[in-house]
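One structure below.
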Amino acid sequence: MDVRVRFAPSPTGYLHVGGLRTALYNYLFAKKHGGKCILRIEDTDRTRFVDNATENLISNLRWAGIEFDESLENGGEFGPYIQSERFDLYTKYGKELLEKDLAYYAFDTSDELAEMRDRLQKEGGSFKYDRNKMRNSVTMGMDEAKKLIDAGESYVIRMKVPEEGEVKFNDIIRGEVTVPCKDVDDQILLKSDGFPTYHLANVVDDHFMQISHVIRGEEWLPSTPKHVLLYQFFGWDTPDFAHLPLLLNEKKAKLSKRHGDVAVEDFKAKGYLKDAFVNFIALLGWNPTGDREIYTMQEFIDLFDLSKVNKAGAVFDLKKLAWMNQQYLKELNSAEATPLLKAELEKFGVSDLEEDFVAQIFDLFKERVTFINEIPEMTDYLYAEPKEFDEKYMAKRWKEDTAEMVKPLIAKLSELNEFTHDSTHDLTKAYCEEADVKMGQLMHPLRLMLTGKSSGAGMFDTMALIGKEECMKRFETFLAKKESGEL
RNA sequence: GGUCCUAUCGACUAACGGUUAGGUCACCAGCCUUUCACGCUGGCAGUGGGGGUUCGAAUCCCCCUAGGAUCACCA
């Protein structure tokens with residue numbers, strides 16, 4: 001059997017990280033088995049329509065490196081790939097169930113349904129639809145129901161779940177799942193606006209799109225018996241199911257938008273590198289070996305094994321994500337990094353820097369940050385003389401005799417023709433030996449005068465980057481301020 | 001509350017009946033060092049509890065407990 005899987009999001013306006021993981025696992029599974037990965041937009045809820053939601057979804061998926069073999073924009077022989085354009089199909093199959101007496105009309109208002117649930121709750125037990133007591137074609141008879149419909153009463157179509165027996169299905173991740181029919185609700189299949197609910201549309205589409213494996217989040221597990229029953233009602237083969245463990249927040253509850261940090265584009269905006277983010281997400285719920293953390297997409301494809309995906313939910317740990325991001329940041333080559341850093345610098349208000357200069361800055365700071373966007377502020381002294389000086393640092397490192405100790409070195413530095421890492425280093429080292437002082441006694445004052453900060457890249461690299469002329473100017477300014485007591 | 005799912009260090013996970021229960025993040029210590037980092041070395045830390053099955057259980061079965069999901073004319 002050909003492997004055909006689908007990622008079927010509803011266009012809510014953003015891509016949830018859990019959705020990204022689902023899409024990714026679908027993609028990996030398809031690629032691994034030489035199958036097809038399909039994107040189907042499930043927009044049957046007209047009350048939740050969001051402009052540009054589909055475009056947003058696709059662009060975020062593409063950012064993550066996930067492409068689809070069949071979709072709205074790429075086409076395919078099983079389209080349309082958006083449910084609102086498949087309307088007639090659902091109506092047709094809803095009717096078929098009605099004719100087979102596997103579905104029925106129901107006329108209950110939302111108040112009546114709420115009342116029913118109140119009653120059932122008081123009696124204890126489940127809240128499932130009480131088919132034999134409500135207003136529907138089972139209690140009133142089909143003739144009466146047709147009359148109401150002709151009179152313009154609004155109605156829904158519900159599935160008629162058998163009273164006896166049980167529903168069994170095999171989940172690739174969880175094994176056999178069994179639910180007694182009496183616990184399965186008479187799900188609404190077609191809403192009063194004529195649109196199908198997820199359950200009907202999903203089953204019909206998966207069948208006609210020849211989906212072989214349904215890979216989706218665990219939140220769908222409780223409604224899977226309904227879907228299995230629908231396949232049986234229609235006489236169709238059931239696809240294989242794989243319900244992925246949930247992504248959890250630090251409180252171990254399902255990651256939800258209310259708690260923030262769940263939209264892929266937010267992570268993108270914060271500066272996470274795509275490969276790092278995808279790598280991290282892929283390892284939430286599965287690890288091919290257990291002794292490695294960094295994998296390429298191709299390696300993930302080669303190693304992917306649905307049956308080895310975890311059953312328990314996974315907590316989304318920002319700290320490990322940050323580490324992951326840094327790992328990828330360190331490995332970024334300058335061709336990739338320079339434009340990114342340049343853009344960040346421009347946001348910071350620094351433009352017109354030489355590519356080579358920007359590349360050097362990246363090399364010096366990539367191991368000191370988690371995100372590229374931290375670099376501009378950290379390196380502000382490279383673009384203008386420092387406005388302020390770290391007071392604690394100054395108190396600790398600038399002593400009574402420091403000025404006199406540093407002046408001869410500055411004089412020697414000013415005579416240097418070449419102002420490079422090596423030349424400044426060699427000169428300073430020689431001076432230290434000659435004057436019998438430790439490097440540290442001079443490095444800190446130099447750093448303070450030049451950058452105002454207590455941390456940063458190596459001092460000789462920093463001096464070379466700032467340039468001799470500017471360094472001299474800063475030394476002079478700083479010493480003058482010291483003498484005048486301004487500092 | 002009904003139903004279903006789940007349970008290995010604080011977190012992500014490996015070990016698919018036989019290991020001193022391994023790796024990674026975080027944390028701690030040390031080394032490196034002109035700062036901050038990076039890096040390196042080491043450390044802390046786990047099979048929720050109770051019964052079985054077995055020569056042998058983290059692994060299979062049962063019960064308990066705990067957590068989660070779901071019970072919409074949302075997906």
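Each chain gets a letter, A, B and so on, in the order its sequence line appears, and its residues count up from 1.
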Base partner of [N], which must satisfy Watson-Crick or wobble distances under 3.5 Å:
| N | result |
| --- | --- |
| B:A7 | B:U65 |
| B:U54 | none |
| B:G42 | B:C28 |

Acceptor/donor pairs from residues 303-312 of chain A side chains to any protein atom, 3.5 angstrom cut, sequence neighbours excluded:
residue  : atom : partner  : partner atom : Å
A:Asp305 : OD1  : A:Ser307 : N            : 3.1
A:Asp305 : OD1  : A:Ser307 : OG           : 2.8

Rounded distance (Å) that lies between atom [atom2] of [N] and atom [atom1] of [X]:
| X | N | atom1 | atom2 | value |
| --- | --- | --- | --- | --- |
| A:Leu303 | B:A14 | CG | C1' | 14 Å |
| A:Lys311 | B:U8 | NZ | C1' | 13 Å |
| A:Arg119 | B:G2 | CZ | P | 18 Å |
| A:Leu246 | B:G68 | CG | C1' | 7 Å |
| A:Phe280 | B:A11 | CZ | P | 14 Å |

Provide the distance between the two [atom1] atoms, one in [N] and one in [M], to the nearest whole Å.
| N | M | atom1 | value |
| --- | --- | --- | --- |
| B:A11 | B:A26 | P | 16 Å |
| B:G48 | B:G10 | C1' | 15 Å |
| B:U54 | B:C61 | C1' | 12 Å |
| B:A14 | B:C31 | P | 36 Å |

Can you give one letter per nucleotide of [range], going 5' to 3': B for a protein heavy atom under 4.0 Å from the base, S for sugar-phosphate only, - for none?
| range | answer |
| --- | --- |
| nucleotides 61-67 of chain B | ------- |
| nucleotides 70-75 of chain B | SBSBBB |
| nucleotides 24-41 of chain B | BSS-------BBBSSS-- |

Hey, what do you get for [atom1] ([X]) to [atom2] ([Y]), rounding to the nearest 0.5 Å?
| X | Y | atom1 | atom2 | answer |
| --- | --- | --- | --- | --- |
| A:Arg131 | A:Asn136 | CZ | CG | 8.5 Å |
| A:Met134 | A:Thr139 | CE | OG1 | 9.0 Å |
| A:Asp171 | A:Leu221 | CG | CG | 6.0 Å |
| A:Asn202 | A:Arg40 | CG | CZ | 5.0 Å |
| A:Leu247 | A:Ser256 | CG | OG | 12.0 Å |

Passing option when A:His243 is tested against A:Glu218, A:Arg216, A:Arg174 for side-chain hydrogen bond (donor to acceptor under 3.5 Å, both in side chains) |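 With A:His243 as partner, side-chain hydrogen bond (donor to acceptor under 3.5 Å, both in side chains) holds for just one option, A:Arg216.
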Describe the nucleic acid contact of A:Lys308 in one word from base, sugar-phosphate, nothing, applying a heavy-atom distance below 4.0 Å.
->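 A:Lys308: backbone/sugar contact only, no base atoms under 4.0 Å.
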When all nucleic acid strands are considered with a 4.0 Å heavy-atom cut-off, which category describes A:Val177: base, sugar-phosphate, or nothing?
->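 The answer is sugar-phosphate, as A:Val177 gets under 4.0 Å only of primed atoms, P, OP1 or OP2.
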A:Phe267 and its ring-ring contact (aromatic ring centres under 6.0 Å, His included) partner, picked from A:Phe316, A:Phe371, A:Phe280 =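 The option that passes is A:Phe316.
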Carboxylate-amine/guanidinium contact A:Glu115 A:Arg119, below 4.0 Å |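 No, A:Glu115 and A:Arg119 are not salt-bridged.
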Would you please say whether a donor-acceptor pair under 3.5 Å links the side chains of A:Tyr14 and A:Asn60?
->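 Short answer, no.
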List for me each residue that meets side chain to side chain contact (heavy atoms under 4.5 Å, CB included) alongside A:Glu153, sequence neighbours excluded, and say none if there are none.
->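 Partners of A:Glu153 under the side chain to side chain contact (heavy atoms under 4.5 Å, CB included) test: A:Phe107, A:Arg135, A:Leu148.
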Sequence neighbours excluded, every pair satisfying salt bridge (charged side-chain N to carboxylate O under 4.0 Å, His left out) that has a member inside residues 314-323 of chain A |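 Matches after skipping sequence neighbours: A:Glu293-A:Lys320.
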B:U13 phosphate, OP1 or OP2, under 4.0 Å from A:Asn310 side-chain N/O |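 Affirmative; the distance criterion is met.
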